[in-house]
Enquirer: 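Got a structure for you, questions after.
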There are 2 protein chains.
Amino acid sequence: MKKLLTIVALSVACSLQAQKQPVDYINPMIGTSNFGATHPGAVVPRGMLSISPFNVAFDTTGEKNLLEKDSRWLSNPYVNENNFFTGFTHANLSGVGCPDLGVIISMPTTGALEVNHLKYGSTYKNEIAKAGYYSNELTKYGIKTEATAATRSGITRYHFPKGEANLLINLGLGLTNEKGAMLKFVSPTEVEGMRMVGSFCYNSPESAYPVYFVAKVNKAAPSYGIWQQPEVHKGVEAQWMWYNGQVRLKEQFAREVVGDSIGAYFRYQFDKEETVELKVGISYVSIANARENLYREIGDKSFDEVYATARINWNDALHARVEGGTEDQKTIFYTGLYHALLHPNLLNDVNGDFPENSTNKIGKNKERYTVFSLWDTYRNYHPLMTLLYPDQQLQMVRTMLDIYKESGWLPKWELNSTETFTMVGDPASIVIADTYLRGLTDFDIHTAYEAMLKGANTLEDNPIRPGVEEYWKNGYLSVDGGIRGPVSTTQEYNIADFAIGQLAKKLGKKADYERFNKQAYTYRKLFDKETHLLRPRYANGTWYAPFNPESGANFEENVGYIEGNAWQYVYMVTHDVKGMIQLMGGEKPFEAQLDRIFDTKQYDMANEPDIAYPYLYNYLKGKEWKTQQKVDELIKEYFQNKPAGLPGNDDTGVMSAWLVYGMMGLYPVSPAEPLYTLTSPKFNKITLRLDENYYPNGELVIESNASDKNIYIQQIYVDDKPLKGYFISQDDLRAAKKIRFELRESPLK
Amino acid sequence: MKKLLTIVALSVACSLQAQKQPVDYINPMIGTSNFGATHPGAVVPRGMLSISPFNVAFDTTGEKNLLEKDSRWLSNPYVNENNFFTGFTHANLSGVGCPDLGVIISMPTTGALEVNHLKYGSTYKNEIAKAGYYSNELTKYGIKTEATAATRSGITRYHFPKGEANLLINLGLGLTNEKGAMLKFVSPTEVEGMRMVGSFCYNSPESAYPVYFVAKVNKAAPSYGIWQQPEVHKGVEAQWMWYNGQVRLKEQFAREVVGDSIGAYFRYQFDKEETVELKVGISYVSIANARENLYREIGDKSFDEVYATARINWNDALHARVEGGTEDQKTIFYTGLYHALLHPNLLNDVNGDFPENSTNKIGKNKERYTVFSLWDTYRNYHPLMTLLYPDQQLQMVRTMLDIYKESGWLPKWELNSTETFTMVGDPASIVIADTYLRGLTDFDIHTAYEAMLKGANTLEDNPIRPGVEEYWKNGYLSVDGGIRGPVSTTQEYNIADFAIGQLAKKLGKKADYERFNKQAYTYRKLFDKETHLLRPRYANGTWYAPFNPESGANFEENVGYIEGNAWQYVYMVTHDVKGMIQLMGGEKPFEAQLDRIFDTKQYDMANEPDIAYPYLYNYLKGKEWKTQQKVDELIKEYFQNKPAGLPGNDDTGVMSAWLVYGMMGLYPVSPAEPLYTLTSPKFNKITLRLDENYYPNGELVIESNASDKNIYIQQIYVDDKPLKGYFISQDDLRAAKKIRFELRESPLK
């Protein structure tokens, strides 16, 4: 049966090979420069494990423009412009802004055994990065490396030349700032262990936790063991420690070894070219589970079989298929979808076990997601999942509710069942409300609602909404209230309250609706008529001065805002665009201010607060062409088929989701409003494969006469009926079979 | 059944209590000063686990005469003159010269949780140290502590005052220079883990290994968890690590934590005085075995039951009982026997598992010994075991043969199945030959002989006898041969060759006998007629010059000798006293040289090379009274009922064995010669409980009119027949029921 399946998989793989499939457009190199923070390694959709080349640790002497992990704030295991490979990491994050994971490093070398990565590292060439596959050639050794992955396990393959060959598993090196590892050989070909990781974004260090693994080579080595690189002893005893600072080789040592800098080695002597495969399974629960993950997912499967399966899975996971457009456009589109399918990823083992949040218990028998970067993802990512992957989105919502049940709070920035408390606001409430309001209701809405109320109403020791007492009392967080980024955070709370209000309305909770909906617009108290911006304010009502609206650009710390400035936040009120138009004094000044933001380069494509700005022209009758123009310009400027082809951190797929939407011609502009606003698509035909359980037509086709020049909308048709305006409700979209855009070269002014 | 046994044990304990028993004379404080390197902790005979107070880590600022573990070469967990307690260590060595073990530290405190031993440590008072029991009172906290032990497990008990109480298990601190630990809570009252130890005597660092443990409290704590004290990060990232260098508390964390400085805590809030018991089991095989050791040895037993059993076991283990003598004399005698029953200790778990030597395999179903400090113990310790504990001695020999089978070599200085290659010579051959020649033959003598030949004859890569090729060729190791202490080592090889020769003779291997016996006297080539000393020599035969015979005193490094000088080594030829008399030019100059060594204070009671010197007068007719005088003087000067009551390192019981012999009036003066030489005993009656399987009489009584003044021998009677001379063969001793010494106040000149 297994063999049969394998043959089927291979034959499908072969037929996939025959013509270029969507999967073949995926270019994992996109985002590996310009701080995109993605990696080009092998991974499957929502994989717990990924295998990334690790090239951010090198000798910094004499280096300029350092992209070295310990020399700056660097959050990725791989940077395209670097060229010093020190191994493959088997647990990684993609597109995040803080360093963590990047551990369980495998490295092939030749010649004498060397375990110091600064010495054993190698430059490389001939990189190949495809969905589920990565390869390079190590110039120092003449070794070709390859990597492929299953969900919780993966394989690296090393093509060694004749002679001495070494395969290292380095547990000392890592992207994370945590240290500490354990290793134990259980047979000459199998080693098990763990590595401490955590303190993501320099938060929650007390929650640092182990990632467990089992690693197995397919060829027994005549020599194998554990190395240990102890710290250099500096005390009196150093004079007797002739081995002080020297590496220790524990040949064939069969008990546990623990330490900060340890690793396993396999030493071969090949009399001809030989390949060695290293299979690794990981788990966040136990070594036994890591082993089960490895044996049940990969077992005896070959590298080629595992890769063939990964490729099929990726091809199948691309629920939007495009026709027309250039090869580069197809590449950035499919790669965008690919990036949107990395996080949240599965946390549960193949047997359903996972570490619970805060309880120190092992949860059982669930599909559990992790890596919730919700300040980022509430804005567009989760609506995209709601549309294209509703089952996954529902399970993510259920995971959030489980986290609430376990920890007492909804997640904010969750990573492997630890809450990192990164960023601000109450984003989980928005995601859950948005999901429900868009029609995915198959979760425990009562618990969800209870969780939202707790986050909104708990006045003291509230980890989700610090300062909420002042917020409810005054409507805004004050400069002197002690909460970081009081303007930003007020806006975030407003958006969450809008979402909760909309949900309350839907659920028939009228009093709650009125209370929350009223609170959703209190940001207006921060509107400064002088600058037409939101401005920090003291508790007593006086304005913060001197007020420099530019302060806060490029992520610099400032008084009012989190990762942004007044320009980048003023229009982050998509639930109240009409209100903001009023505040501005009408559509004209609103438009002028928006124009000014773009014209003066205050618009920051690389971060989330202003991510919806280009779509705000759709609220101004007759100005919709500016949305079409801006989106087109921004895609062309920031999203390209090259390593620097993302505007900045992908933020667990949020930038990629923005691109995917932009190229499809629609955008969920206002969280918790079940609608999309529309812009010109970039392909002639886009077929969305929808889940019939939630979208009865099972498919939505977006057609257009898109071309490089045809970027402006003449008319939109839904199922051949002209659409009035540039918005479509979730219900109308659900009912539609086809949206057709009639495009033109010049703006429809 | 269990209950019944307990009651029996307790009632025996009670009857023991009624009158002062031998066990009650044991004073574990002896040897805890003056670098005796014993510890006063709780332990049972040959126990794998011991629980020692740990007081060698403190703030050294402004301290003089530092006896702090990192400030000098310090080899013991406890020094009597120190007074800063930082916990109980659960794995310790006794009387050795290098730091190792001293780990798994438990510490009670009160008030806020503090895990830095420099801050949580306390002075103490009211120390009580008895066989199997230790107690003190921590002045900082008002906590009384107690410790008792079984073989592989033990209990500490803490009497907390009302209020906040903490129990720490500190895996960061340790006497060993190794680092690295793992911890995992398996229930609110039970934590398991491991701690790396090894690199004993700064040797074999690559063999560092884990000691596993399970620790269980008898009262659940409302708060418990793991602390982690990470290193202070110094790189660029330190600026974002607000927690840099701060202790992390991982409350109720239930997965593994690994790191160099971690520990477990239990935090109580007591509304009255309360006691907490901590039961710990250890193993060198696995955590599962540590748990089995704990549960099978102690299980539900109370502290008092375990101590009662320990006390009975100690009392029963004292196979020599004395009458007469002072209380202090009884104390030092029984304590000497006690110290001789600590090492070698059991290495196998209760289920028979143990780590093999060099194979990385787990041996099964054996009684396995460890801690073989053979350069020390071959001289007198093992003959004492052969006499009083023949079953144990045989099992130690069998262990040595297993080590040979496992590693390819007999042990030299073995510790927990690692060979530390400390000191020089081929001592295991001597021990095995001596054991066989003294009549304990129930082991595989053919394998033993094969092992001896391998050690003696392997010319290259010989870890036991480096330089042996030159030794066989020239008869001695040369100054230029590159081997440390060439004179000492030549002498050691000679003694081993004598032993092998004697065994060969016994086994009827005539050619081997002749070859080895001839080689046994080659030290004579190093005899320098000018100084009447052995002198380092070059390979070409010229003498090393300038030659300073004093060089090497007090353990200083020197050209010819290991831990000694020419005076301390010249008479380390007890297999060839007659030959040495000839070299010296007759008995007179031999005696004069020996007198000179004592008179000029060149004699070093604190180390082994000259340990038999006082007995050499017995080889000089009419001068035997000098042996009686010297032994009496040395006992009185160096062996006393006080912490500084050992001359120096106990050397795993060798100094104590010397004392026990000296007080019994006999000494195994020449290894592998099955005889004892005699001196005046210190008690009126000494009853040796002998094993009838090896000593048919089952008992040997040594009687005398010993007193403080009666220290000289008038006549010795064996079974009432006058003994001619001052030697008795092993066979005659085996046949004897009673040896009676007629003593007098003045020398019999």
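Note: hydrogens, waters and symmetry copies are ignored here, and every other heavy atom, side chains too, is used. In what follows, chains carry the letters A, B, and so on, assigned in the order in which the sequence lines appear, proteins first and then strands, with residues in each chain numbered from 1. The shown structure was predicted, so the numbers you read here are calculated from the model rather than taken from an experiment.
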Enquirer: State, yes or no, whether a side-chain contact exists between A:E206 and B:Y243 at a heavy-atom distance under 4.5 Å.
Expert: no
Enquirer: Could you tell me which portion of A:Q246 (side chain, backbone, both or neither) has an atom closer than 4.5 angstrom to a non-hydrogen atom of chain B?
Expert: neither
Enquirer: Heavy-atom distance under 4.5 Å to chain B: side chain of A:R195, backbone, both or neither?
Expert: neither
Enquirer: Within the structure provided, determine whether A:E231 and B:K179 are in side-chain contact (heavy-atom separation under 4.5 Å).
Expert: yes
Enquirer: Apply salt bridge (charged side-chain N to carboxylate O under 4.0 Å, His left out) to B:E557 and list each qualifying residue two or more places apart in sequence or on a separate chain.
Expert: B:R484
Enquirer: Hey, what do you get for CE (A:M182) to CE (B:M182), rounding to the nearest 0.5 Å?
Expert: 6.0 Å
Enquirer: With chain B as the partner, which of A:P205, A:G180, A:S71 has the greatest number of non-hydrogen pairs under 4.5 Å?
Expert: A:P205
Enquirer: Restricting to non-hydrogen atoms, name the atom on B:S207 and the atom on A:K250 that form the minimum distance, rounded to 0.1 Å.
Expert: C-NZ, 3.4 Å
Enquirer: Shorter than 4.5 Å, heavy atoms on both sides: which option in A:V257, A:N360, A:T359 has the most such pairs with chain B?
Expert: A:N360
Enquirer: Quick one: what part of A:K361 sits under 4.5 Å from any heavy atom of chain B, side chain, backbone, both or neither?
Expert: neither
Enquirer: Return a table of donor-acceptor pairs under 3.5 angstrom between the side chains of residues 232-239 of chain A and protein atoms on other chains or two or more places apart.
Expert:
| unit_1 | atom_1 | unit_2 | atom_2 | d |
| --- | --- | --- | --- | --- |
| A:E237 | OE2 | B:N177 | ND2 | 3.2 |
| A:E237 | OE2 | B:Y202 | OH | 2.8 |
| A:Q239 | NE2 | A:V236 | O | 3.0 |

Enquirer: With a 4.5 Å cut-off on heavy-atom pairs, point out which of A:W242, A:Y212, A:W227 contacts chain B the most.
Expert: A:Y212
Enquirer: So which of A:P230, A:A181, A:G259 has the largest heavy-atom pair count under 4.5 angstrom toward chain B?
Expert: A:A181
Enquirer: Please report the shortest heavy-atom distance between B:A208 and A:R248, naming the atom on each side.
Expert: CB-NH1, 3.9 Å
Enquirer: Shortest non-hydrogen contact from B:R255 to A:Y284?
Expert: NH1-O, 3.2 Å
Enquirer: Please rank A:V285, A:D260, A:D70 by heavy-atom pairs under 4.5 Å with chain B and give me the top one.
Expert: A:D260
